[in-house]
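To keep things clear, I will list the structure first and then write my remarks on it.
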Amino acid sequence: MTGPLVRPGPLTHGTELNAVYAIARIVAETYDTEAGLDAVFRLSRTIFIFDVVSLFLHNEETGELEPAYALALGRGRSREADLAWGEPAASEAYRSGQTILRQEDAGPSVEGRERRRDYLGLPMMVHGRCVGGLVFGRFGGPSYPPEHIRLAEFVAWHVGQLLENRRMARRIASLEAQRELARMQDEFISTISHELRTPLGFIKGYVTTLMREDATWDPETRMEFLEIVDEEADRLRELIDNLLDSSRLETGRLGMTLEPVKLATLLRDSVSRTKSAYPDMEVRLELEDELPQLQVDPTRVAQVLDNLLSNAHKYAPQAPVIIRSTTQDGQVRIEVQDSGPGIPAEHIPHLFERFYRVPDRKAAVRGTGLGLYICRKIIEAHSGEIGVQSEEGSGTHFFFTLPVPHSQPVPEAEHER
Ligand code: ADP
């Protein structure tokens, strides 16, 4: 049966007015659609009786009407079992755009209780467009009187508004995410171009100078220029390697080759690389007597250590660096501590994000914000954790953990110290 069921007319005052007021307010104020629907339907039940309510929404991609929500408030009802009954009434209301009342005879009455079922199907209208159907079901009670049908229509409009609010909120969030992505891409391109241009500028400048036919250079100056060209070319390669690593890590294409490795060797090799790169840097090792053997990708873990040490050199120059290790509960924890300027608290939660750099240090030190992101991904790929503790003015303390395999080889009495 289709067609307008009730003619417009005033609502009863009192409880109903309070409930409709509260429903309208929930719609205006709620951000949590599921909780909002629960609250609206519980309030609705104070003004007209139903045992179950279900909501079907039109899916624009599949063209189907799909169940989106169900709530059973009557005795012994379950959402799942009661969902199926709502579909025909929801479809009819959706197709016709009208409130419909279906009555089903579910067999002879039992113990004086009627087995008739009433389904009230309401179109969900949003800005003049029908987006689905809402169905109230009442089992075995008196049929819906016209004033209840009008209240149900009121609830349906408000539920429609609640869903529209959700659609708008999702759309805004998605537009904001797109804008943020575009902003990050722009920033990425400008950072990367700047970072690529700087070493290229040096290389081009010094090579052009060396090639000048109207000038001659003594061997020392020539060697000095060539060393700069060499260093800047290394920097360029490192930058490109970092970019490639970070994109492979992001897409999970950077494979790790795990093998047995002595932690002592890893640490010492990294320290000696650092010392040869930065001869002025003071690095102290405070290690346990017996360092474990690990099952890790040595190149990648060395990359993490080298990165933390080179950051200490970049951001905490002249400050001594201490490397510590402790083994506990099947994990080894490695710490790299400097006594440099530290990191302001508000930046700490973001340090391991891709391209994140502490803003006011950007100009002073060259970098891309990829180093710590790469470290985090490598440590996570080994089932470890990485973190930082830092306070402005009191230095920075990076740490990471790696699992220690259960079966350890007999500890060597003498490991390199
Ligand atoms: P990059 O060095 O290329 O900027 P990282 O990801 O290695 O990128 O580091 C992110 C940021 O963390 C740096 O820009 C720097 O501000 C901060 N940082 C890293 N290590 C230290 C440190 N030891 N002391 C102070 N700040 C640091």
Side-chain angles (χ1 to χ4, degrees), residues 184 187-199 231-232 234-250 254 267 270-271 273-275 277-278 280-286 300-324 333-381 384-400:
M184 279 171 64
E187 197 177 300
F188 168 69
I189 289 170
S190 86
T191 309
I192 294 306
S193 349
H194 175 257
E195 288 300 314
L196 291 172
R197 243 194 221 132
T198 312
E231 274 167 25
E232 293 299 320
D234 282 349
R235 215 189 119 62
L236 207 52
R237 195 192 48 209
E238 185 190 314
L239 190 68
I240 291 166
D241 285 349
N242 274 350
L243 277 171
L244 284 175
D245 280 358
S246 105
S247 103
R248 288 189 192 126
L249 283 161
E250 190 71 357
L254 189 73
L267 292 174
S270 177
V271 172
R273 272 191 306 275
T274 304
K275 281 192 168 160
Y278 318 115
D280 56 326
M281 190 166 162
E282 188 188 331
V283 187
R284 268 204 328 264
L285 285 167
E286 289 182 8
R300 296 296 167 194
V301 175
Q303 193 176 349
V304 173
L305 283 164
D306 291 358
N307 204 291
L308 295 180
L309 287 167
S310 95
N311 271 358
H313 181 261
K314 274 200 297 188
Y315 299 105
Q318 265 86 55
V321 175
I322 304 171
I323 301 180
R324 287 196 195 87
R333 179 182 163 104
I334 294 134
E335 301 172 9
V336 177
Q337 183 177 3
D338 68 54
S339 49
I343 302 167
E346 67 270 26
H347 299 294
I348 290 187
H350 307 290
L351 281 190
F352 295 93
E353 289 169 12
R354 199 147 86 127
F355 304 122
Y356 194 84
R357 306 200 68 213
V358 176
D360 49 342
R361 311 241 170 101
K362 277 187 184 175
V365 187
R366 285 157 71 179
T368 51
L370 286 173
L372 290 178
Y373 165 81
I374 292 174
C375 291
R376 171 168 71 85
K377 288 287 190 179
I378 292 174
I379 295 301
E380 285 175 357
E385 268 180 58
I386 189 162
V388 61
Q389 288 156 357
S390 183
E391 243 177 70
E392 260 193 296
S394 342
T396 305
H397 186 152
F398 281 98
F399 61 87
F400 63 89

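Whatever order the structure lists ligands and atoms in, that order sets their numbers, starting from 1.
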Need the ligand 1 atom indices (1-based, order shown) with element for anything under 4.0 Å from a heavy-atom of [X].
| X | answer |
| --- | --- |
| Gly369 | 1 (P), 3 (O), 4 (O), 6 (O), 8 (O) |
| Gly367 | 3 (O) |
| Lys314 | 1 (P), 2 (O), 3 (O) |

How does [X] reach ligand 1, if at all, at less than 4.0 Å between non-hydrogen atoms: by side chain, backbone, both, or neither?
| X | value |
| --- | --- |
| Asp338 | side chain |
| Val358 | both |
| Tyr356 | backbone |

| query | So, are Arg376 and Glu380 salt-bridged, with charged N and O less than 4.0 Å apart? | reply | yes
Pairs of donor and acceptor atoms involving the side chains of residues 238-246, under 3.5 Å and at least two apart or interchain, shall be tabulated with distances.
{"residue": "Asp245", "atom": "OD2", "partner": "Arg300", "partner atom": "NH1", "Å": "3.1"}
{"residue": "Asp245", "atom": "OD2", "partner": "Gln303", "partner atom": "NE2", "Å": "2.9"}
{"residue": "Ser246", "atom": "OG", "partner": "Arg354", "partner atom": "NH1", "Å": "2.9"}

| Could you walk me through whether Asp280 and His313 pass the side chain to side chain contact (heavy atoms under 4.5 Å, CB included) check? | CA-CA 9 Å; Asp280 56 326; His313 181 261; 3.8 Å; yes
| said: What I want to know is whether Leu372 and ligand 1 share at least one N or O pair that is separated by under 3.5 angstrom. | reply: yes
| Point-to-point distance, once rounded to the nearest 0.5 Å, from NZ of Lys377 to CD1 of Ile386 | 12.5 Å
| task | Name the option, out of Phe352, Tyr373, Tyr315, that contains the heavy atom nearest to atom 22 (C) of ligand 1. | result | Tyr315
| field | Val388/Phe352 under side chain to side chain contact (heavy atoms under 4.5 Å, CB included): CA gap, chis, key distance, verdict | value | CA-CA 10 Å; Val388 61; Phe352 295 93; 4.0 Å; yes
Less than 3.5 Å apart, which donor and acceptor atoms pair up between the side chains of residues 393-400 and the rest of the protein, not counting sequence neighbours?
{"residue": "Thr396", "atom": "OG1", "partner": "Ser390", "partner atom": "OG", "Å": "3.1"}
{"residue": "His397", "atom": "NE2", "partner": "Glu335", "partner atom": "OE1", "Å": "3.0"}

